[in-house]
Amino acid sequence: MAVLAAYVVNAILNLALGLLVAQILGPEGFGAFALGIAGATVLTTLSFEWLRLSATRHYSARVRETKPSIRATLDRAYGTIGLGLGAAALLCIAAWPLLGDAALMAAAAALAAIGIGVFDYQTALARALFVGRLYLLLVLAKCGFAVVFMAGAAWATGSAAAVVAAAGIGQVLAALLLRGALADDPHRPVPRRGRAHLRRFLAYGLPLIAAIVVFQLMPFANRGAVALTAGLSQAGYFALAADIGVRVFMTLGTALDVMLFQLAVRAEEAEGRAAGEAQVARNLALVAAILLPTTAGLWIVSPALEAVAIPPAYRGHFTAYLAPLLPGFLATALLLFGLNPVFQIRRRTRPVIVAALIGLAANALAIAGLTGPFGAFGIAAAQSLGAVAALAYLCWRALSGPERLRLPLADLVAAVLATGLMTAALLPLRGLPPWLSLAASVPLGAALYAGLAWRFDIAGLRGVVAGVRPRRPAAAA
C-alpha cells in the first residue's frame with residue numbers, strides 16, 4: 001500500500017507542477033521545456049536504463065546476502081556513467097557562447113538525465129527489496145524538491161533550460177538524502193566477475209533499452225514535427241496534452257509494475273519459470289482492468305478538466321489533442337507493463353525491439369498520410385496508430401506458438417464490458433457545466449466500475465485490495 005500511496009502522491013503533485021510550470025513559462029516556453037525533458041528522458045534511457053532493469057531483475061534480498069558483487073557492479077557502473085554525463089554537461093556549458101541556447105539546453109538535459117537515473121536506481125533497489133515505506137519516502141522527497149526547484153527556477157528565470165536542470169537537481173538530492181538506508185556493505189568485485197555481470201546486464205537490458213528509446217523517440221519526433229509544421233505554440237499545446245496523458249498512464253502503469261513484476265520474479269525464483277509466467281498472465285489482466293476504465297474516464301472528463309484546470313492560454317486545444325492521443329497511451333502502457341514482462345521473465349527480450357520498430361514505421365507512415373488533411377492533429381493520431389501496431393505485434397508473439405502465454409480471458413472480457421457500462425452511464429454527464437461534470441463523473445464512474453469489479457472479482461481485484469496474490473488460475477487463451 002505504501003507503493004500505491006507513493007504513486008498517488010507523485011501523480012497529483014506532478015500534474016499540479018506541470019500545470020504550474022506551463023502557466024509560468026507560457027506555451028512557447030513550455031514547448032521548449034517539454035522538448036528538453038523528452039531529450040533528458042531519452043538520454044537517461046540510453047545511459048542508465050539497462051542498469052535499472054538489471055537491478056529489478058537480478059537483485060533481491062537473497063542476492064544481497066549471497067552475491068554482493070552484483071550490487072557493487074551496479075553501483076560502480078552508475079557512478080562511471082554519471083561522471084561521463086557530468087563531463088558532457090560541462091562541455092556544453094563551455095560551448096554556450098558559441099552555440100547559444102541549444103548548448104545550454106543540452107547541458108540541462110544531461111544534468112536532468114543524471115538526476116533521473118540516480119533517483120530511478122534508488123527506487124529500483126527499494127522495489128527489488130520490497131521496502132515499500134522507503135519507496136514512499138523517496139517519492140515524497142523527490143516531489144518536495146521538484147516543487148521548490150522547478151517552480152522556483154521557472155518563476156525566477158523564465159528559462160526552460162533552467163527548469164529542466166532543476167528537475168535533475170531535485171532528484172539527485174532526494175536520492176542522496178535517503179541513500180544510506182539502501183546502502184550495502186562495501187564490496188570490491190573481482191574484475192573478471194564484474195565484467196561477467198556487466199555482460200549479463202547488457203544482454204538482458206539492451207533489447208529493452210532499444211525498444212524504450214524507439215518509443216520515446218516517437219513522441220519526441222512527433223513534437224518536433226508539430227513544431228515544424230504548425231509552430232512552437234502548437235507544439236506547446238500538443239506537449240501539455242501529451243504530458244498530462246503520459247503522466248497519468250505511466251504513473252498508474254509503473255505503480256502496478258513496481259508491485260506486480262517483482263511478484264513474478266519472486267515466483268520464478270521460488271517455483272520456476274512456469275510459475276513466473278502464470279503470475280505475469282494474472283498481472284496483465286490486472287493492468288488491463290485498471291487502465292481500460294482510466295482511458296474511458298479521462299476522455300469523459302477531458303472537456304471539464306480543460307475548463308477547470310488547464311491554463312487559459314492552452315484552452316481550446318487540450319481536449320482536441322488528448323482525444324487522438326488516448327488510444328496510444330493505453331496501447332503503450334499495456335505493452336510496457338503487461339506484455340514486456342512476458343519476455344523479461346523468459347530473458348528473451350528481442351521481440352520487444354521488433355515491436356518498437358514496427359510502431360515507429362507505422363507512426364512515420366501515418367504522419368505522411370495524416371498531416372496533410374488533419375495538420376498537427378493528424379500527428380497525434382499517427383502516434384496512437386504506431387503504438388497500436390507495436391502492441392498488436394507483441395500480442396501475436398506472446399500469445400502464439402508452443403510457449404504462448406495463457407491469459408485469463410474471462411477477466412479481460414469482464415474488464416471491457418465493465419468499462420463499456422461505465423462509459424455509457426457517464427456519457428450524458430460530459431455535457432454538463434465543468435465543475436458539475438467533474439463532481440458527478442469522477443465519483444460515479446469510480447463507484448460504478450469498482451462495484452462491478454468487486455462483484456465479479458475482475459482480475460482478482462478483491463485479493464489485491466486484501467493484500468494477497470490473486471488465487472484463480474489463468475484459463476487457457
Side-chain angles (χ1 to χ4, degrees), residues 11 14-23 25-42 45 109 160 163-164 167 212-254 291 294-295 298-299 301-303 305-306 309-311 313-336 359-360 362-364 366-367 370-371 374-388 390:
N14 278 342
L15 176 60
L17 182 59
L19 293 172
L20 178 60
V21 169
Q23 175 69 35
L25 293 181
E28 289 194 19
F30 189 73
F33 164 76
L35 287 171
I37 282 292
T41 304
V42 171
T45 302
V163 181
V164 171
I212 292 170
V213 167
V214 172
F215 281 120
Q216 290 176 346
L217 284 175
M218 201 163 24
F220 182 66
N222 290 347
R223 291 181 188 191
V226 172
L228 287 174
T229 59
L232 272 178
S233 292
Q234 288 295 326
Y237 304 142
F238 179 97
L240 184 63
D243 186 57
I244 289 176
V246 166
R247 287 181 187 276
V248 169
F249 284 88
M250 292 301 104
T251 298
L252 276 175
T254 306
L291 292 180
T294 299
T295 306
L298 187 55
W299 177 74
V301 303
S302 58
L305 182 65
E306 179 172 354
I310 299 302
Y314 298 80
R315 290 176 189 165
H317 304 276
F318 176 77
T319 301
Y321 276 115
L322 184 66
L325 287 169
L326 275 174
F329 296 148
L330 174 62
T332 301
L334 288 174
L335 186 150
L336 292 176
L360 185 64
N363 179 77
I367 285 178
L370 297 176
T371 303
F374 299 105
F377 300 105
I379 297 173
Q383 183 168 310
S384 285
L385 288 172
V388 170

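As a basis for the values below, the full set of heavy atoms in this structure was taken, side chains included, without hydrogen atoms, waters or symmetry mates. Owing to the predicted nature of the structure, the values given are computational and were not obtained by experimental measurement.
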Could you give the side-chain donor-acceptor pairs of residues 237-249 under 3.5 Å, partners two or more places apart or in another chain?
from   : atom 1 : to     : atom 2 : distance (Å)
Asp243 : OD1    : Arg247 : NE     : 3.4
Asp243 : OD2    : Arg247 : NE     : 3.0

Would you please indicate yes or no on a ring centroid separation below 6.0 angstrom for Phe377 and Phe374?
-> no

Of all heavy-atom pairs linking Leu385 and Ala362, the shortest is O-CB, 4.3 Å

Heavy-atom pair of closest approach, residues Ile367 and Thr371 | O-OG1, 2.7 Å

Report, one line per pair, each donor and acceptor closer than 3.5 Å where one atom sits in a side chain of residues 322-330; sequence neighbours left out.
none

Mind checking the CD1-CZ spacing from Ile310 to Phe318? Nearest 0.5 Å is all I need.
-> 4.0 Å

Side chain to side chain donor-acceptor pair (under 3.5 Å) pairs, two or more places apart, involving residues 225-235 | Gln234-Tyr321

Please report the shortest heavy-atom distance between Ala333 and Leu291, naming the atom on each side.
-> CB-CD1, 3.5 Å

Nearest 0.5 Å, what's the CD-CG distance between Gln383 and Asn222?
-> 5.0 Å

Looking only at heavy atoms, what is the nearest atom pair of Ala387 and Thr332, with distance?
-> CB-OG1, 3.4 Å

side-chain contact (heavy atoms from CB on, under 4.5 Å) between Val21 and Val163: does it pass, once the steps are laid out?
-> CA-CA 8 Å; Val21 169; Val163 181; 4.2 Å; yes

Non-hydrogen side-chain atoms of Met250 and Leu336 separated by less than 4.5 Å = yes

Closest non-hydrogen contact found for Ala376 with Ala230 is CB-CB, 4.4 Å

NE2 on His317 to OG1 on Thr319, rounded to 0.5 Å | 11.0 Å

Arg223 versus Ala34, closest heavy-atom pair with distance | NH1-CB, 3.1 Å

